[in-house]
Amino acid sequence: MKPVVLDPSFFKRDVLEVAPGLIGKIIVRKFENGEIKRYRITETEAYRGEEDLACHASKGRTQRTEVMYHQGGKIYVYLIYGMYWMLNLVTGEPDHPCAVLIRGIEGFSGPGKVGRELRLDKTFYGEDVAPSKRIWIESDGYEPDIWVSSRIGVEYAGTEWTEKPWRFIAKENK
DNA sequence: GCGTCGATCTAC
DNA sequence: TAGATCGACGCG
């Protein structure tokens, strides 16, 4: 099937639909030299609103979390441990601060490696996910079976939120 | 202003 | 199992 660019409406749904929906989709990165690379998404995690203590928005609306309060289809990046840029895609309607963390793409397992491969930096913050920009998503109709588990590295949020089955992995990849 | 810590990865 | 490395956040 010929790849089609995902419509912005894809992201304006609940993050618990978008996160598994992104598994098997293709993330496209246009680099500064014009080179375009495509990577199939193999792993995602959902972060869902202020009540989700693992979500950065649980701290409220700040300069850092601002973009999550916008409508779906924008990029939320942040620096972690002083060296890794995490790639997130904002989902849902305005004032519902949710985002999907891209934890893995084909050939690169782990969100830090994803950010490094895609050469992210702070200038991606708030950018639209669109072919006119540097990052967008395509579908070629491939829909792998999905494995679900709890989220990684969010123990600080307490067991209620750590145990949510909000991590999605392409089964063949596992 | 200052201390703490993090949605990670790598090497020892 | 600890170190890299720095911005956001909380406290004062």
Side-chain angles (χ1 to χ4, degrees), chain A residues 10-25 27 29 37 39-93 95-129 134-135 137 146-171 173-174:
Chain A
F10 178 90
F11 300 97
K12 294 169 189 170
R13 297 177 294 151
D14 191 288
V15 69
L16 294 180
E17 294 180 40
V18 178
L22 281 171
I23 299 297
K25 298 295 188 295
I27 186 164
R29 168 74 162 99
K37 282 193 179 178
Y39 310 83
R40 199 176 292 279
I41 297 172
T42 58
E43 183 177 347
T44 62
E45 268 179 8
Y47 289 86
R48 192 166 185 267
E50 293 184 346
E51 64 169 13
D52 176 5
L53 295 184
C55 181
H56 290 162
S58 64
K59 300 266 203 288
R61 193 168 185 153
T62 67
Q63 196 165 26
R64 183 202 210 189
T65 63
E66 174 66 24
V67 73
M68 279 202 278
Y69 287 78
H70 295 199
Q71 67 178 356
K74 290 178 180 298
I75 292 173
Y76 167 43
V77 290
Y78 65 93
L79 185 67
I80 189 70
Y81 300 113
M83 51 181 96
Y84 299 110
W85 289 98
M86 304 282 102
L87 174 60
N88 299 260
L89 305 180
V90 175
T91 72
E93 299 294 324
D95 297 322
H96 291 260
C98 300
V100 178
L101 170 65
I102 308 298
R103 284 193 60 89
I105 55 180
E106 216 163 47
F108 302 90
S109 179
K113 293 178 185 173
V114 170
R116 191 173 56 187
E117 171 63 21
L118 298 181
R119 292 180 231 162
L120 303 179
D121 58 51
K122 61 182 165 191
T123 68
F124 284 81
Y125 185 92
E127 189 162 293
D128 288 327
V129 176
R134 294 177 286 179
I135 287 177
I137 308 292
I146 295 174
W147 180 275
V148 178
S149 88
S150 53
R151 294 177 292 183
I152 302 297
V154 296
E155 290 73 19
Y156 63 85
T159 55
E160 178 190 352
W161 296 102
T162 299
E163 291 174 356
K164 296 282 186 193
W166 290 356
R167 178 184 179 216
F168 307 93
I169 307 168
K171 231 174 199 174
N173 195 262
K174 179 90 172 45

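Below, chain A is the first sequence line, B the second, and so on; all start at residue 1.
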Partner set under side chain to side chain contact (heavy atoms under 4.5 Å, CB included) for A:Ser150, not counting sequence neighbours: none

Check the interface with nucleotides 1-6 of chain C: list each N/O to N/O pair with the protein under 3.5 Å, or write none.
from: C:dT5; atom 1: O2; to: A:Tyr81; atom 2: O; distance (Å): 2.3

Can you tell me which stems DNA chain C forms when a stem means 3 or more consecutive Watson-Crick or G-U pairs under 3.5 Å? B:1-6 with C:6-11, B:8-11 with C:1-4

What donor-acceptor contacts under 3.5 angstrom involve side-chain atoms of residues 151-158 of chain A, with partners at least two apart or in another chain?
from: A:Arg151; atom 1: NH1; to: A:Ala46; atom 2: O; distance (Å): 2.9
from: A:Arg151; atom 1: NH1; to: A:Asp52; atom 2: OD2; distance (Å): 2.8
from: A:Arg151; atom 1: NH2; to: A:Asp52; atom 2: OD1; distance (Å): 3.1
from: A:Arg151; atom 1: NH2; to: A:Trp161; atom 2: O; distance (Å): 2.9
from: A:Tyr156; atom 1: OH; to: A:Ala54; atom 2: O; distance (Å): 3.2

Partner residues of A:Lys59 under the side chain to side chain contact (heavy atoms under 4.5 Å, CB included) criterion, sequence neighbours left out: none

Got a second to check how far A:Glu160's CD is from A:Glu51's CD, nearest 0.5 Å? 8.0 Å

Is a side-chain donor-acceptor pair under 3.5 Å present for A:Glu127 with A:Tyr125? no

A:Thr42 (side chain) donor-acceptor with A:Gly104 (main chain) under 3.5 angstrom: yes

Who pairs with A:Val114 by side chain to side chain contact (heavy atoms under 4.5 Å, CB included), at least two apart in sequence or on another chain? A:Ile102, A:Ile105, A:Leu118

With A:Val18 as partner, the option from A:Thr44, A:Thr91, A:Leu89 fulfilling side-chain contact (heavy atoms from CB on, under 4.5 Å) is A:Thr91

For A:Thr65, enumerate each residue passing the side-chain hydrogen bond (donor to acceptor under 3.5 Å, both in side chains) test, keeping only those at least two apart in sequence or located in another chain. A:Thr62

Going by heavy atoms closer than 4.0 Å, what residues in residues 153-160 of chain A are next to DNA chain B? A:Gly153, A:Val154, A:Tyr156

Quote, to the nearest angstrom, the P distance that separates C:dA2 from B:dC5. 15 Å

Between A:Phe10 and A:Ile137, does a side-chain contact (heavy atoms from CB on, under 4.5 Å) hold up when you go through it step by step? CA-CA 10 Å; A:Phe10 178 90; A:Ile137 308 292; 6.0 Å; no

A:Lys171 and A:Trp147: which non-hydrogen atoms are nearest, and at how many Å? CE-CE3, 3.9 Å

Side chains of A:Phe11 and A:Val100 in contact at under 4.5 Å (non-hydrogen atoms): no

N/O-N/O pairs, protein side and nucleotides 8-12 of chain C side, under 3.5 Å:
from: C:dC9; atom 1: OP1; to: A:Thr62; atom 2: OG1; distance (Å): 2.7

Distance-only check: which donor-acceptor pairs under 3.5 Å involve side-chain atoms of residues 73-83 of chain A, not counting sequence neighbours?
from: A:Lys74; atom 1: NZ; to: A:Asp128; atom 2: OD1; distance (Å): 2.8
from: A:Tyr76; atom 1: OH; to: A:His56; atom 2: ND1; distance (Å): 2.7

Flag the pair A:Ile27 / A:Leu22 as yes when at least one side-chain heavy-atom distance between them is below 4.5 Å, and no otherwise. no

Under 4.0 Å, heavy atoms only, any strand: does A:Arg103 hit a base, just the sugar-phosphate, or nothing? sugar-phosphate

List for me each residue that meets side chain to side chain contact (heavy atoms under 4.5 Å, CB included) alongside A:Pro111, sequence neighbours excluded, and say none if there are none. A:Met86, A:Leu101, A:Arg103

Using a heavy-atom cut-off of 4.0 Å to chain A, what are the terminal contacting nucleotides of DNA chain B, in 5' to 3' order? B:dG6 to B:dT10

